[in-house]
Structures are given as structure tokens and as C-alpha cells.
Amino acid sequence: MKKVYAFLADGLEEVEALMVIDLLRRTKKLDVVMVSIKDDLLVEGSHNIKIMADATIDEINFDEGDCIFLPGGIPGTPNLAACDKLTEQIKKYNEEGKLLAAICAAPSILSDLGLLKDVKATSYPSFEEQMDCKEYGGKVVRDANFITGKGLGVAIEEGLEIISYLIDEETSKQVADAIQFS
């Protein structure tokens with residue numbers, strides 16, 4: 001079973017994180033671990049919603065993962081970007097060709113690490129100037145080992161695209177049908 005590490009930081013956009021995590025878990029074919037980047041499992045989102053992570057960053061084995069998912073939000077995105085252990089692993093995942101998925105402000109982390117120069121990508125529009133990529137724009141963009149999404153309004157599409165990438169198109173369609181998404 002493929003493993004997805006979904007990283008949570010104080011100030012994250014709660015619904016972006018939970019929508020994608022929920023969809024991935026619905027497949028029953030992915031092991032999705034919600035990971036707090038701090039020592040505490042309790043993470044508080046940008047709208048004061050508290051989320052209990054499954055593990056802390058020091059408790060996981062990055063080598064077991066197949067995907068890193070980064071939700072957006074402010075100050076969640078800068079908090080994720082400031083986590084050296086996470087950014088080092090993002091670079092390693094890229095070198096290994098593992099999936100890196102990010103939504104809203106979070107694709108800017110991938111860009112700031114210099115990983116998007118040769119791929120198409122998108123982000124929340126106010127981050128366009130920070131995005132150093134081959135081609136910018138779109139709702140959800142999949143190119144090479146990257147999936148980037150524009151924001152909360154496309155969280156369902158982002159989750160379904162991750163499912164297509166990690167499992168297959170049929171499973172993605174089954175999840176979409178089960179939630180009445182068309």
C-alpha cells in the first residue's frame with residue numbers, strides 16, 4: 001500500500017488539507033498519515049479549527065513514503081517552508097521521482113526550492129510572482145512528479161488527481177462518483 005504524508009502546520013487551510021486527506025483515505029488503497037511539523041500532534045488552522053495529527057515529523061520514516069502533500073494557508077505555508085527537515089525531504093523525494101503535491105500557497109514552497117523550473121504548475125493567484133516554473137496557470141496541474149492546485153475551490157480535483165497518479169483513473173472515478181462529484 002502506498003503511503004502519503006500530509007503535512008500539517010499551525011495556520012494551515014483546514015478544508016484544503018482535510019478534503020484531500022479524506023478523498024485519499026476513501027480509496028482504502030492508500031496509507032495517509034497526517035504529520036505535524038512540531039512536537040505536538042494538535043495543529044490549529046488559520047480559521048481556529050484544531051486538527052489532531054497522526055504523528056509528528058520526528059516519528060515518521062520518510063523512506064517509507066510515496067508522496068508528500070502540502071496544504072496551503074497563511075501562516076501555514078511559511079511555517080511548512082521554515083521546517084528544514086521537511087524541505088530537505090521534499091528535495092530528496094524529487095530526486096527520487098516521488099510525488100510532490102501542493103495546493104494554494106504551498107506550491108510556492110516547491111518553487112522556492114527550485115523544483116518547478118522545468119514543469120507546469122499553479123498556485124493561489126497572489127503567489128504567481130513567486131512561481132518559477134515553465135508554464136503557470138490552471139486549476140489543478142499535473143506535470144512530471146508534481147501536482148499543484150490553485151486553492152480551496154479545487155481541493156476535490158486535487159485529491160482525485162493524486163488518486164489517479166498513485167493508484168489509477170478508475171479508482172479516482174469511483175471516489176468521485178461516491179461523493180457525487182461530476
Side-chain angles (χ1 to χ4, degrees), residues 4-22 24 32-60 62 65 67-95 98-134 136-141 143 145-155 157-159 161-162:
V4 176
Y5 289 126
F7 284 89
L8 311 180
D10 285 333
L12 78 146
E13 173 53 61
E14 302 95 338
V15 176
E16 287 172 356
L18 294 177
M19 178 59 73
V20 172
I21 292 164
D22 176 277
L24 301 182
V32 184
V33 182
M34 297 189 305
V35 183
S36 171
I37 63 165
K38 57 186 189 174
D39 293 335
D40 189 356
L41 292 176
L42 191 62
V43 177
E44 186 170 337
S46 61
H47 301 97
N48 303 315
I49 298 171
K50 293 174 177 59
I51 301 171
M52 185 67 71
D54 302 312
T56 67
I57 194 167
D58 292 326
E59 296 173 332
I60 64 168
F62 277 95
C67 170
I68 288 176
F69 167 62
L70 306 173
I74 300 295
T77 296
N79 288 339
L80 290 173
C83 179
D84 291 337
K85 186 170 191 173
L86 174 59
T87 57
E88 287 306 311
Q89 290 297 322
I90 290 170
K91 291 187 273 189
K92 184 178 179 201
Y93 269 48
N94 185 55
E95 289 168 8
K98 292 183 178 182
L99 179 60
L100 295 167
I103 190 168
C104 193
S108 67
I109 297 169
L110 305 176
S111 179
D112 290 346
L113 293 172
L115 305 181
L116 300 179
K117 292 178 190 238
D118 297 325
V119 298
K120 299 174 190 169
T122 194
S123 68
Y124 193 78
S126 64
F127 286 82
E128 180 176 358
E129 295 301 316
Q130 287 180 243
M131 296 293 290
D132 182 14
C133 56
K134 181 171 77 175
Y136 178 85
K139 290 181 175 185
V140 174
V141 177
D143 193 359
N145 60 309
F146 297 94
I147 297 173
T148 53
K150 190 173 187 176
L152 173 58
V154 299
E157 290 98 325
E158 174 102 0
E161 192 63 40
I162 294 169

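Atom set for the values below is all heavy atoms of this structure, side chains included, hydrogens, waters and symmetry mates excluded.
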side-chain contact (heavy atoms from CB on, under 4.5 Å) filter on Leu99, not counting sequence neighbours, yields Cys67, Ile147, Ile162, Tyr165, Leu166

If the condition is salt bridge (Lys or Arg N to Asp or Glu O under 4.0 Å), which residues does Glu59 pass it with, not counting sequence neighbours?
none

Would you mind checking if Asp118 and Lys134 are paired as a salt bridge, meaning a charged N to carboxylate O distance below 4.0 Å?
no

Okay, side chain of Lys50, backbone of Leu42: is any donor-acceptor separation there less than 3.5 Å?
no

Glu88/Lys91 salt bridge by N-O under 4.0 Å criterion:
yes

Could you verify whether a donor N or O on one side chain and an acceptor N or O on the other, from Tyr136 and Ser123, lie under 3.5 Å apart?
yes

Spacing of Ile103 atom CD1 and Glu161 atom CD [to the nearest 0.5 Å]:
12.0 Å

Rounded to the nearest 0.5 Å, how far does CG of Asn79 lie from CD1 of Ile109?
9.5 Å

Over 12 foreign heavy atoms within 6.0 Å of OH, Tyr124
no

Residues passing the side-chain contact (heavy atoms from CB on, under 4.5 Å) test with Asp22, sequence neighbours excluded, are Arg26

Among residues at least two apart in sequence or on other chains, which ones pass side-chain contact (heavy atoms from CB on, under 4.5 Å) with Lys139?
Val154

State which residues pass side-chain contact (heavy atoms from CB on, under 4.5 Å) with Ile49; sequence neighbours excluded, sorted by chain then number.
Glu14

Taking salt bridge (Lys or Arg N to Asp or Glu O under 4.0 Å) as the test, write out the residues that go with Lys120, two or more places apart.
none

